[in-house]
Amino acid sequence: MDLFAERVRRGPRDLAVVAPDGRLDYAGLDRRSAALAARLTHAGLRTGDVVLVQAPRGLALAAAVLAVLRAGGAFCVVDPRYPAERLGHIWRNSRARFALTAPGVVPPVADGPRVLELGPGTGAGDADPGPGPDPVSAGPEPAPAGPDPVFAGPDPVSAGPDPDSAGPDPVFAGPDPAPAGPDSAPAGPDPAPAGPDPVSAGPDPAPAGPDSAPAGPGPAPSGPPAGPEDTAYLVFTSGSTGTPKAVAMPHRCLDNLVSWTLASTSAEPLRTLMFAPLGFDVFVQEVFTTWCSGGCLFVPADEQRGDLQRIWELCADWEIERLFVPPVALRRMAELTRAFGILPASLREVAAAGEALHVTPAVRDLFARLPRARLHNHYGPAETHVALAHTLPGPPGTWPERPPIGRPLPGFRALIRPVPGEAADPDGGELWLGGVGLAHGYLGDPGLTAERFRYVGAEEAAAADRGPETADTADTADTADAARHPVRMYRTGDRVTRDSGGLFSYAGRVDDQVKIRGYRVEPGEVEAALARHPAVRECAVAAWTPPEGEERQLVAHVVTAPGHQADPDELRGHLARLLPAHMVPHHVVEAAALPLSPNGKIDRRRLPAPVTAPEAAAGAPEGDLRGAVAAVWSGVLGVPDIDPTRHFAALGGTSLSAALVVTRLHSRFRVRISLEEFLREPTVDAVAALIGERTAA
């Protein structure tokens, strides 16, 4: 909290957050979060206790997350739009002692966390609406676009499988975390950030002075401040066994992440967009790098996030300077700039994370038009957050299509080891990570924690620190001592290579895990949910990219039970009630049997692709406007014979694929249709009629 407290003292009237329900300066955010922290402490919150935060994007959410850290707790952000079953699972199994919720939320479980409502003082109830038009935005605040008809459902979060249990550590029930002594630290200079601890709880800030907001409650009373090994927050990720797993991240991870982000991008007070899904680890990076540098966090409404064109326009209107974005969304934004001329000219720092970065011609063109902007490639699983990074050098026209993922951050180790069961590959292998950013492990799952977080001999780890040329020639003079002091590391499951200069490059997975729109998806979790439907006897889920679509999609291959048929709409609806939207397959393929490998396991490489659509260029007969529109849809979605009355979402469309369709329609017909107009009635018939009207005019 020290860096935040310093920002309060230096600029109490500087804007800290602008949201759909109002805005707060640093003094106001400090006052509200201190009051809520005091409320939590008086209610009995202990250091490391998990607190669910279930609220829409807005001032209450912002104050709540900060308040939990001030009180010494660990926050777990829950998207209120999750399916009901998902919400119940989180509340039952998160081990949370408290839940901060928007007013009127009915707890999904009995005997769950104690609920504290986020009433006036933490949200818009007493937020400063500002005198007249918002002086921060470069245009009027946009009205909410209404429920997003495409990106139906929330972004990912789920909970660990185990019930609440007593014990000294309410968050982590598993092997001991990495030792705090020197044996667990990376070789070389001390990786701990210099200067004040940026985030971990400590003494609360002093009043901001006469220019601050009206005085409120004093600093939250507390016991001993949270230390570097106390849990700061939880993130949840897809589980390969069918059960989502929770990752417990200690304060040292958060402190290192914030300090490095500010040092590697900019420590200036930049305007930053809150774009990441609630509960996603990048959400944490967006929020705390902004507030620890004195910047302003700009928060679009939940509904606006489904309209990528509107988000890109807001980046221009709000003069956004720092943006964290999945690579697939960055590509769509670049195409929107090409098609419609939308250009957020104030952008300076763009960090791509969540999946492999693919630099397209449109991305190169975008950054050529943004000479002040830098593009950073961030790599790291939820178990470490950002662990390697690379800033693309030189003119954008020289950037490679597949940039490297870079070098380890200060305080991290990156080690390439042979893939189990495979012959050693001199050109690469599986990436293992260790150091200051390593998670405690998986909440309540010591078995899985022991499987994925393992100890490596200090000799081998030190060789990795010295670089590829010494990895096979480490000094063995002190091997006995090295064996007594192993280093804890995480097996990422990612294949990587490393060049002679020490740059790592991503080369795929060693298992079945896939990335969908930047989200980690274990096919086994989707298969487990699908198998609960009575029509499904066997199933397998794999990823597939339409030839013309670029966006990776999930395909479910189903062997039906006797007397049943695989109704795609029914099965997708079943999954939508259980899983976040990104985990619902776009396609359902009925199969007589699933292909097996010689050892009897499903051979995913032999699963057939869905029946592909004809390329859009082969389109409809001349003059058949509806057929030409349908051909564009088919090329993007990979769906043939599109019913012109069927909703885009029912065909597997998402907000990202909608952005691609809009840009291709513009290229094909030279008629501008905004994404908002497209989403208003997303059927081939309606879009063809709109194009006809614009063409005639």
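Atom set for the values below is all heavy atoms of this structure, side chains included, hydrogens, waters and symmetry mates excluded.
The minimum heavy-atom distance between Glu401 and Pro403, with the atom names listed, is O-CD, 3.4 Å. Ala414 approaches Leu431 most closely through the heavy-atom pair CB-CD1, 3.9 Å. Of all heavy-atom pairs between Arg57 and Pro20, the closest is O-CD, 4.3 Å.
Glu349 pairs by the side-chain contact (heavy atoms from CB on, under 4.5 Å) definition with Thr265, Ser266, Leu270, Arg322, Arg374, His376, not counting sequence neighbours. With sequence neighbours excluded, the residues forming a side-chain contact (heavy atoms from CB on, under 4.5 Å) with Arg338 are Pro361, Ala362, Asp365, listed by chain and number.
Judged purely by atom type and a 3.5 angstrom limit, His390 has no side-chain atom pairing as donor or acceptor with the backbone of Gly406. Using a distance-only test at 3.5 Å, with no hydrogens or angles considered, no donor-acceptor pair links the side chain of Gln309 to the main chain of Leu336.
Note: Phe648 and Trp633 have perpendicular aromatic rings, judged against thresholds of 30 and 60 degrees for the angle between ring planes. The aromatic rings of His666 and Phe340 sit perpendicular to each other, their planes meeting at more than 60°, with 30° as the lower class boundary.
A ring-centre distance under 6.0 Å is not found for Phe324 and Phe283.
Put simply, the residue from Arg694, Arg310, Arg672 that forms a salt bridge (charged side-chain N to carboxylate O under 4.0 Å, His left out) with Glu677 is Arg694.
Between Val514 and Ile516, the closest side-chain pair of non-hydrogen atoms falls below 4.5 Å. Using a 4.5 Å heavy-atom cutoff, the side chains of Thr384 and Cys253 are not in contact.
Defined by atom type and a distance below 3.5 Å, a donor-acceptor pair is present between the side-chain atoms of Tyr379 and Asp494. Between the side chains of Gln285 and Thr261, at least one donor-acceptor pair of N or O atoms lies under 3.5 Å. A donor-acceptor contact under 3.5 angstrom links the side chains of Thr237 and Arg520, judged on distance only. Using modelled atom types and a 3.5 Å distance limit, the side chains of Thr337 and Trp312 yield a donor-acceptor pair.
Note that Arg402 lies outside the cation-pi zone of Tyr506, set by a 6.0 Å cut-off to the ring centre and a 45° limit from the axis.
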